[in-house]
Amino acid sequence: MTHYILPVLVCMIFAQALGMLWYSKFLFGTVWRKASGITPEQMEKGKKNMAPFMVLAALGAAIGATVLLFTIRWFGEFSILGGAHVGILVWFGYVMVAQLDSVLWDGKSFRYFFINTAYSLVKFAGMGMILGAWLG
């Protein structure tokens, strides 16, 4: 079991780096902020207290990677493409469907949904590729 710690940590780092890039002003950060209804002032205030949220996001990524790892093993998809395939299936069946609730019930825009769910798609496909290659 301990031999799975390193690939999960690599996936966690990948997810954190992807999230920082995805939600930066260089990619989708400004559009996401507007779609979420957060003001620039709220954004600046939130940056001062970001450390606990980053820790929780990293923990969430590690949990997601661990579940994905065991799902890849269960499917027997021990390759980059196989891992990506399982990651996309997990994203589609669980993550995307759960994130759709933010539009249906929380009144969020489809723009907000697409930015967040596309990030999750890239994250789970990327983690699947990492894990599929690692297990192969």
| task | Taking the side chain as every heavy atom from C-beta outward, state whether Leu6 and Trp134 have any pair of such atoms under 4.5 Å apart. | result | yes
| field | Heavy-atom side-chain proximity of Lys45 to Gln42 below 4.5 angstrom | value | no
| Arg33 and Lys25: CA distance, side-chain angles, deciding distance, side chain to side chain contact (heavy atoms under 4.5 Å, CB included) verdict | CA-CA 10 Å; Arg33 182 189 53 75; Lys25 63 182 179 180; over 6 Å; no
| field | Inter-residue atom distance Ile115.CD1 - Lys108.NZ, 0.5 Å rounding | value | 11.5 Å
| Trace of the side chain to side chain contact (heavy atoms under 4.5 Å, CB included) decision for Leu135 with Tyr4 | CA-CA 9 Å; Leu135 296 171; Tyr4 294 138; 3.7 Å; yes
| Residue Leu100 excluded, over 12 heavy atoms near CG under 6.0 Å | yes
| remark: The ring pair (Phe, Tyr, Trp, His ring centres under 6.0 Å) partners of Tyr23 (sequence neighbours excluded) come to Trp32, Tyr119
| task | Drop me the distance from Ser79's OG to Met129's CE, to the nearest 0.5 angstrom. | result | 9.5 Å
| query | What's the spacing between Thr39 OG1 and Glu44 CD if we round to 0.5 Å? | reply | 10.0 Å
| remark: Value for CD1 (Ile72) from NE2 (His85), rounded to nearest 0.5 Å, stands at 11.5 Å
| message | Looking at Ser120, is its backbone amide N or carbonyl O close enough to the side chain of Trp22 to form a donor-acceptor pair, meaning the two atoms are under 3.5 Å apart? | response | no
| task | Determine whether Asp106 and Asp101 make a side-chain contact, defined as any pair of heavy atoms from C-beta on separated by less than 4.5 Å. | result | no
| query | In Å, rounded to the nearest 0.5 Å, how long is the span from CG of Leu81 to CD1 of Ile88? | reply | 9.5 Å
| remark: One should read off an interatomic distance between Asn116 CG and Phe28 CZ, to the nearest 0.5 angstrom, of 11.0 Å
| query | Does some side-chain heavy atom of Leu21 sit less than 4.5 Å from a side-chain heavy atom of Ser24? | reply | yes
| said: Any heavy-atom pair between the side chains of Val103 and Tyr112 that's under 4.5 Å? | reply: no
| request: Give a yes or no on whether Tyr94 and Leu69 share a hydrophobic cluster (residues Ile, Leu, Val, Met, Phe, Trp, Tyr; joining criterion: side-chain heavy atoms under 4.5 Å apart). | output: yes
| query | Hey, does the side chain of Trp91 reach the backbone of Thr117 with a donor-acceptor pair shorter than 3.5 angstrom? | reply | yes
| query | Is there a chain of hydrophobic side chains (I, L, V, M, F, W, Y, each step under 4.5 Å between heavy atoms) that links Phe75 to Met127? | reply | yes
| query | Is there a side chain to side chain contact (heavy atoms under 4.5 Å, CB included) between Phe114 and Gln99 once you walk through the steps? | reply | CA-CA 9 Å; Phe114 285 125; Gln99 288 178 342; over 6 Å; no
| said: Are there over 12 heavy-atom neighbours, none belonging to Arg111, within less than 6.0 Å of that residue's CZ? | reply: no
